[in-house]
Every structure is written in C-alpha cells, then in structure tokens.
Amino acid sequence: MEKMLMLVLLLISAVAIRSQEDMNDKVFVFSETSTKSYVRLIPESDGPYAALTVCLKFYTELARDYSLFSLATTDKDNDFLLYYSHPNNLSVSIGNEELYFSMERRVEWTALCVAWNSTSGEVDLWINGKLKPRRIFRKGYTVNAKPIIIIGQEQDSYGGKFDASQSFVGEISGIQMWDKFINQANLDPPCNSLYRAIINWKYLKYESQGDVAVLAEMCKIYYSFSC
C-alpha cells in the first residue's frame, strides 16, 4: 500500500497544473530532446470543430523535424497537426491527411497562423504576417470532439506514443485557438478580441510535464497581417 501511495504522489508531483494563468509576456521553454517534456493545453470547448484558427510564435535552432501543435482525438492521432518537416516544409494535417506548404528553416522568432474552414475547405497560412497561397483541403470534414492538445511532442496515439526525434526544443509563446475561421481582416488586434478564443494565452489552462520552464519573454514580436 505504501509503495502504491508513493507512486501516486510521484505522478501527481510530476504534473504541474495551472488554471487560467496569464501568460502574456511569458514563454514555454523546452530545453532538451526527450519524450517526457510537453504541455497539454485545455480548451474551453471540446468540439467537434467545423473550423479552426491556430496562432503561435516559436524560436528554435533545430535542424530536424519537430511538432509545433498536436491535436489528437480518439479516432485520429493527427486530427489537427502543425509539423515542421526539415528542411523547408510546414505540414498542416487535418483528419490524418497532410497538406504541405513551403517554409524555410530560420533561427529567429517566427509567427504562424493557420485558419481552416470545413464549409469551403479554405486553408490560410500566415508566416510572419505574410499569406502563403491559399489552398482547398478537407472540405466537409469535421475535427472530432474531446481533443487532447499537446505542445512539445507529436502524438501517435491519443495522448501519447511520443517520439523524441519529433520533439520540440526551443521557445513557444502566444498560443491562441479559435473554433472559427478568422481571416486577414480579423487577425490583427484589437479585431481578434471580438472572437472568443477557446485557447487564450492570457487565460491559459494547461498541464506541464517533464522539463518545461515558464520564463519571461525577451523578444516581443508582432506582425501586421497583409498580402
């Protein structure tokens, strides 16, 4: 019984839970390649989702593949995935199908926004405020309910089966997710404040596991979105 109690206490102490923490001017820092370090984000809505917009900023020196945003459901491990494929592609996976955009490796802060709408199939990708050529993808599909959303690892099963070679090492900040398709006119603050984010960096609900630090943001970047 004592051994079982000790195991439970160790498992509880390994997970840091925060409730609606204001992450403005802060970053998550992932300092090493592993399968044990990640952050689970808790959305305000459990879906299903007929549209999604995800924005984030990241900074890394990695010269290999890595996951930026992994949303898995019970039926699909890559129901919505943002994944850098070295040396020059960003993969947007929806419903376990992949769509590739060109994105050069850069050792600097990079801002990404991806917006997808099931009704039209439109996918918009913004890199540092610049719109890539728009694509039509997964028209009519719906991202399933009850997602597990992970930063720092890529899920090959619902909530697990991580691969260290796909882990993120570096800094991530400014994560926002809406269950709506948000276009250019509404991405710039204060316009995007009109839409209630289901993951909000200012009121972030998350669980962190392993070697993940929360530090002050040193380099603030902001891009106006334009064509």
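The figures that follow rest on heavy atoms only: side chains count, while hydrogens, waters and symmetry mates do not. Along the sequence shown, the residues carry numbers beginning at 1.
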- Check whether any side-chain heavy atom of Leu125 sits under 4.5 Å from a side-chain heavy atom of Leu90, and report yes or no. yes
- Message: Within the structure provided, determine whether Phe69 and Phe80 are in side-chain contact (heavy-atom separation under 4.5 Å).
- Response: yes
- Query: So, the side chain of Asn128 versus the backbone of Ala111: is there a donor-acceptor pair under 3.5 Å, distance only?
  - Reply: yes
- Message: Could you check whether Glu44 pairs with Lys205 (Lys NZ or Arg NE/NH1/NH2 to Asp/Glu carboxylate O, under 4.0 Å)?
- Response: yes
- Message: Less than 4.5 Å apart, side chain to side chain, heavy atoms only: is that true for Arg135 and Leu99?
- Response: yes
- Is the Tyr38-Phe162 ring centre distance short of 6.0 angstrom? yes
- Message: Before we go on, tell me: are the rings of Phe28 and Tyr206 under 6.0 Å apart, centre to centre?
- Response: yes
- Message: Less than 4.5 Å apart, side chain to side chain, heavy atoms only: is that true for Phe137 and Ile94?
- Response: yes
- Query: Do the charged groups of Lys26 and Glu21 touch, with an N to O distance under 4.0 Å?
  - Reply: yes
- Query: For the residue pair Ser45 and Asp179, what are the closest heavy atoms and their distance?
  - Reply: OG-OD2, 4.1 Å
- Query: For the residue pair Thr142 and Pro48, what are the closest heavy atoms and their distance?
  - Reply: CG2-CB, 3.5 Å
- Task: Working to the nearest 0.5 Å, report the span between CG of Asn88 and CE of Met103.
- Result: 9.5 Å
- Message: Counting only heavy atoms from other residues, nucleotides and ligands, does the tally under 6.0 Å from CZ of Arg134 exceed 12?
- Response: no
- Task: Answer with yes or no whether the side chains of Asp79 and Asn96 bring together a donor and an acceptor at under 3.5 Å.
- Result: no
- Mind checking whether Val114 and Tyr66 sit in one hydrophobic cluster, side chains of I, L, V, M, F, W, Y counted as touching below 4.5 Å? yes
- Item | Atom pair CD1 (Ile149) and OG1 (Thr73), whose distance is rounded to the nearest 0.5 Å | 10.5 Å
- Task: Would you kindly confirm whether Leu41 and Leu71 end up in one hydrophobic cluster when ILVMFWY residues are joined by side chain heavy atoms under 4.5 Å apart?
- Result: yes
- Query: Would you call Tyr84 and Phe58 a side-chain contact if the rule is heavy atoms closer than 4.5 Å?
  - Reply: no
- Message: To the closest 0.5 Å, what do you measure between OG (Ser167) and CD (Gln153)?
- Response: 5.0 Å
- Message: For Tyr141, is there any backbone N or O sitting under 3.5 Å from a side-chain donor or acceptor partner on Ser118?
- Response: yes
- Spatial distance of atom CG (Leu68) from atom OG1 (Thr60) [nearest 0.5 Å]: 9.0 Å
- Task: Quick one: closest heavy-atom pair of Pro43 and Pro147, and the distance?
- Result: CG-CG, 4.3 Å
- Atom pair CG/CG of Asp156 and Asn78 - distance to nearest 0.5 Å: 7.0 Å
- Message: Taking the side chain as everything from C-beta on, heavy atoms only, tell me whether Ile151 gets closer than 4.5 Å to Ile175.
- Response: yes
- Decide side chain to side chain contact (heavy atoms under 4.5 Å, CB included) for Lys57 and Glu217; before the verdict, give the C-alpha distance in whole Å, the side-chain angles of both, and the deciding distance to 0.1 Å. CA-CA 11 Å; Lys57 299 179 289 186; Glu217 185 177 32; 3.2 Å; yes
- Query: Can you tell if the side chain of Trp126 reaches within under 4.5 Å of the side chain of Leu112, non-hydrogen atoms only?
  - Reply: no
- Task: Answer yes or no: is there a donor N or O on one side and an acceptor on the other, between the side chain of Arg138 and the main chain of Glu97, under 3.5 Å?
- Result: no
- When you look at Phe168 and Ser67, which way does the side chain to side chain contact (heavy atoms under 4.5 Å, CB included) test go after all the steps? CA-CA 6 Å; Phe168 178 82; Ser67 175; 5.9 Å; no
- Task: Indicate yes or no: at least one non-hydrogen side-chain atom of Glu171 is less than 4.5 angstrom from one of Trp109.
- Result: yes
- Note on the structure: All heavy atoms of Ser93 vs all of Glu98, minimum pair found to be OG-CG, 3.3 Å
- Message: Can you give me the closest heavy-atom contact between Trp201 and Met23, atom names plus distance?
- Response: NE1-O, 2.7 Å
- Query: Do you know which two heavy atoms are closest between Val39 and Ser208, and how far apart they sit?
  - Reply: CG2-CB, 4.2 Å
- Query: Will you find, in the side chains of Asp211 and Ser31, an N or O donor that is under 3.5 Å from an N or O acceptor?
  - Reply: yes
- Reported CG-to-CG distance for the pair Leu82 and Leu56, which is rounded to 0.5 angstrom: 6.5 Å
- Task: Verify the distance criterion only: is there a donor paired with an acceptor across the side chains of Ser70 and Glu154 at less than 3.5 Å?
- Result: no
- Quick one: do the Ser102 and Lys132 side chains pair a donor with an acceptor below 3.5 Å? yes
- Message: Going by side-chain contact (heavy atoms from CB on, under 4.5 Å), Trp116 matches just one of Asp124, Thr53, Val92, Val143. Which one?
- Response: Val143
- Message: Is it the case that the side chains of Arg64 and Thr33 hold a donor-acceptor pair, with the cut-off being a distance below 3.5 Å and no angle test?
- Response: yes
